[in-house]
Participant: 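Before I ask anything, let me first share the structure, which is written out below as structure tokens.
Below, read A as the first sequence line, B as the second, and so on, with proteins coming before strands; counting in each chain starts at 1.
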Number of protein chains: 2
Amino acid sequence: MTQPRWLDSGEMAAWNAFLEASHRVGRRVEHQLREQEGLSHPQYEILVWLAEAPGQEVRMTELATQLVTSKSGVTYQIGKLEKAGLVRRRSCPGDDRGVFAVLTEQGLEKLRRAAPGHLEAVRSSLIDLLTPGQLEALSDSLNAVNRGLGSAD
Amino acid sequence: MTQPRWLDSGEMAAWNAFLEASHRVGRRVEHQLREQEGLSHPQYEILVWLAEAPGQEVRMTELATQLVTSKSGVTYQIGKLEKAGLVRRRSCPGDDRGVFAVLTEQGLEKLRRAAPGHLEAVRSSLIDLLTPGQLEALSDSLNAVNRGLGSAD
DNA sequence: ACCGGGTTGTTCAAATTCGAACAACCGCTA
DNA sequence: TAGCGGTTGTTCGAATTTGAACAACCCGGT
């Protein structure tokens, strides 16, 4: 460890803004989904990823990677969604270890019903608070961050 | 509810980038603190807020507001920090309901030791991945978001 | 066919988070 | 001073998350 590399006031402000925004936005989105749709945000995200995947199915580990969460977390949430009939499990042909999470018809229906309210929450919590230029700049910056962190896990 | 206001591809990309960055950055920072300093991120944040406050003390509810978390969450974490000797509680003169969380000498020491590694993690997870221009743009955008959400809780 | 290293998904215990409920208290008003 | 709406911090149970440990499996080299 060499000299500590402190953050200047601008860098610190950016970090604090990032932290605060993460919490505030995450909180609002989770509340909306929970109260109006009876879904947690992780659950909703799973439904989205499944709906967009070919065959509406994704392997458990790939789901964990995409959602940036733990494997056990995915096991837990898929269990919940399965009990609710929104998702089912399918063993993976050609790999006895593998498990596909598959979106059910009910799951797709649930997603369709939940989407408008969720998107409205995303708008009011983030999108509509920014000018088009700000939004684009935000997107660019965060994409750079994600590119930087995606490789070095 | 009127017509659903869908997100265009740019808006959706921004939202996904925000979600992914929140998870990736939060995860890295939490890991670093946990592994190298034995602190959770919420705990570290509490120490920072206390250190910066006049008298190194903050009321419980104010702490919850600043950290954008729940009151019971603060009660829990302060309990942990108190057991570790990093924080102590002080009843609030003039308001028997009130409780101050006070940073101890040990707590300040802990913060001083933990800060360099934490800041290095913040750098490698966010700051150093962006150009100065990108960082400023990010800061501006997120500040706008926080201003928008700060009032309408 | 058989190892040996790597992968996959689950289980488990521990830690954390949240909101609702609660008791105690504050300040203001009649 | 008695009452009442609002605030404060804690407690409680339920839900969620995590990593480590694990059993089962895959695959390439021998």
Side-chain angles (χ1 to χ4, degrees), chain A residues 19 22-24 26-46 57-84 87-102 153, chain B residues 19 22-24 26-46 57-84 87-102 153:
Chain A
L19 268 190
S22 294
H23 289 143
R24 285 200 194 282
R27 218 157 224 282
R28 283 175 59 99
V29 169
E30 275 153 25
H31 274 133
Q32 184 276 326
L33 277 173
R34 180 65 74 191
E35 318 259 296
Q36 296 184 13
E37 317 290 350
L39 286 173
S40 69
H41 189 211
Q43 285 168 354
Y44 181 89
E45 282 302 308
I46 288 177
E57 61 182 8
V58 179
R59 288 284 291 274
M60 298 296 277
T61 294
E62 192 187 345
L63 218 35
T65 301
Q66 289 167 335
L67 301 183
V68 192
T69 187
S70 64
K71 288 183 300 173
S72 49
V74 172
T75 295
Y76 176 80
Q77 290 296 353
I78 290 293
K80 288 259 146 183
L81 291 170
E82 199 171 24
K83 272 185 222 159
V87 159
R88 65 183 176 82
R89 280 181 221 247
R90 185 169 81 86
S91 67
C92 174
D95 189 341
D96 288 351
R97 298 166 304 175
V99 173
F100 278 111
V102 190
D153 247 0
Chain B
L19 268 190
S22 294
H23 288 144
R24 285 200 194 282
R27 215 155 228 280
R28 284 175 57 97
V29 169
E30 275 153 28
H31 275 134
Q32 184 276 327
L33 277 173
R34 179 66 74 192
E35 317 260 297
Q36 296 184 12
E37 317 290 350
L39 285 173
S40 70
H41 191 211
Q43 285 169 354
Y44 181 88
E45 282 302 308
I46 288 176
E57 59 181 12
V58 180
R59 287 283 292 271
M60 299 295 277
T61 293
E62 193 188 343
L63 218 35
T65 301
Q66 290 167 334
L67 301 182
V68 191
T69 188
S70 65
K71 287 184 299 173
S72 48
V74 172
T75 295
Y76 176 79
Q77 290 297 353
I78 290 292
K80 289 259 147 184
L81 291 170
E82 198 171 25
K83 273 185 219 159
V87 158
R88 66 184 175 81
R89 280 180 220 249
R90 185 169 80 87
S91 67
C92 174
D95 188 340
D96 288 353
R97 299 167 303 176
V99 172
F100 278 110
V102 190
D153 247 1

Participant: With a cut-off of less than 4.0 Å, is there a side-chain N or O of Arg89(A) near OP1 or OP2 of dG9(C)?
Facilitator: no
Participant: Just call it for Gly73(A): base, sugar-phosphate, or nothing, with non-hydrogen atoms closer than 4.0 Å on any strand.
Facilitator: base
Participant: Taking for each residue the nucleotide of DNA chain D with the nearest heavy atom, is it His31(B) or Arg34(A) whose nucleotide lies nearer the 5' end?
Facilitator: Arg34(A)
Participant: Identify, between Pro42(A) and Arg97(A), the residue whose nearest nucleotide on DNA chain D lies closer to the 5' end.
Facilitator: Pro42(A)
Participant: What I want to find out is whether Glu82(A) reaches Arg88(A) closely enough, with some N-O distance under 4.0 Å, to be called a salt bridge.
Facilitator: no
Participant: If the cut-off is 4.0 Å, is Thr69(B) near the phosphate of dC18(C), judged by side-chain N/O to OP1 or OP2?
Facilitator: yes
Participant: Think Arg90(A) has a side-chain N or O under 4.0 angstrom from the OP1 or OP2 of dG9(C)?
Facilitator: no
Participant: Counting side-chain heavy atoms from CB outward, which of dG19(C), dT16(C), dG9(C) is closest to Met60(A)?
Facilitator: dG9(C)
Participant: Which residue, Arg27(A) or Glu62(A), contacts DNA chain C at a nucleotide closer to its 5' end, judged by nearest heavy atom?
Facilitator: Glu62(A)
Participant: Out of dG9(C), dT16(D), dC26(D), which nucleotide sits closest to the side chain of Thr75(A)?
Facilitator: dG9(C)
Participant: Please tell me which of the listed nucleotides, dC25(D), dT16(C), dC18(C), lies nearest to the side chain of Gln43(B)?
Facilitator: dT16(C)
Participant: Once hydrogens and angles are ignored, does a donor-acceptor distance under 3.5 Å link the base of dG9(C) to the side chain of Thr61(A)?
Facilitator: no
Participant: When rounded to the nearest 0.5 angstrom, what distance separates NE2 in His41(B) from CD in Glu45(B)?
Facilitator: 4.0 Å
Participant: Respond yes when some side-chain nitrogen or oxygen of Lys71(A) is under 4.0 Å from OP1 or OP2 of dT18(D), and no when none is.
Facilitator: no
Participant: Whole Å only: how far is the CD1 atom of Ile78(A) from the C1' atom of dT16(D)?
Facilitator: 15 Å
Participant: Applying a 4.0 Å non-hydrogen cut-off, can you work out what His41(A) is touching in the nucleic acid: base, sugar-phosphate, or nothing?
Facilitator: nothing
Participant: If you compare every side-chain N and O of Gln77(A) against the phosphate oxygens of dA15(D) (OP1, OP2), does one of them come in below 4.0 Å?
Facilitator: no
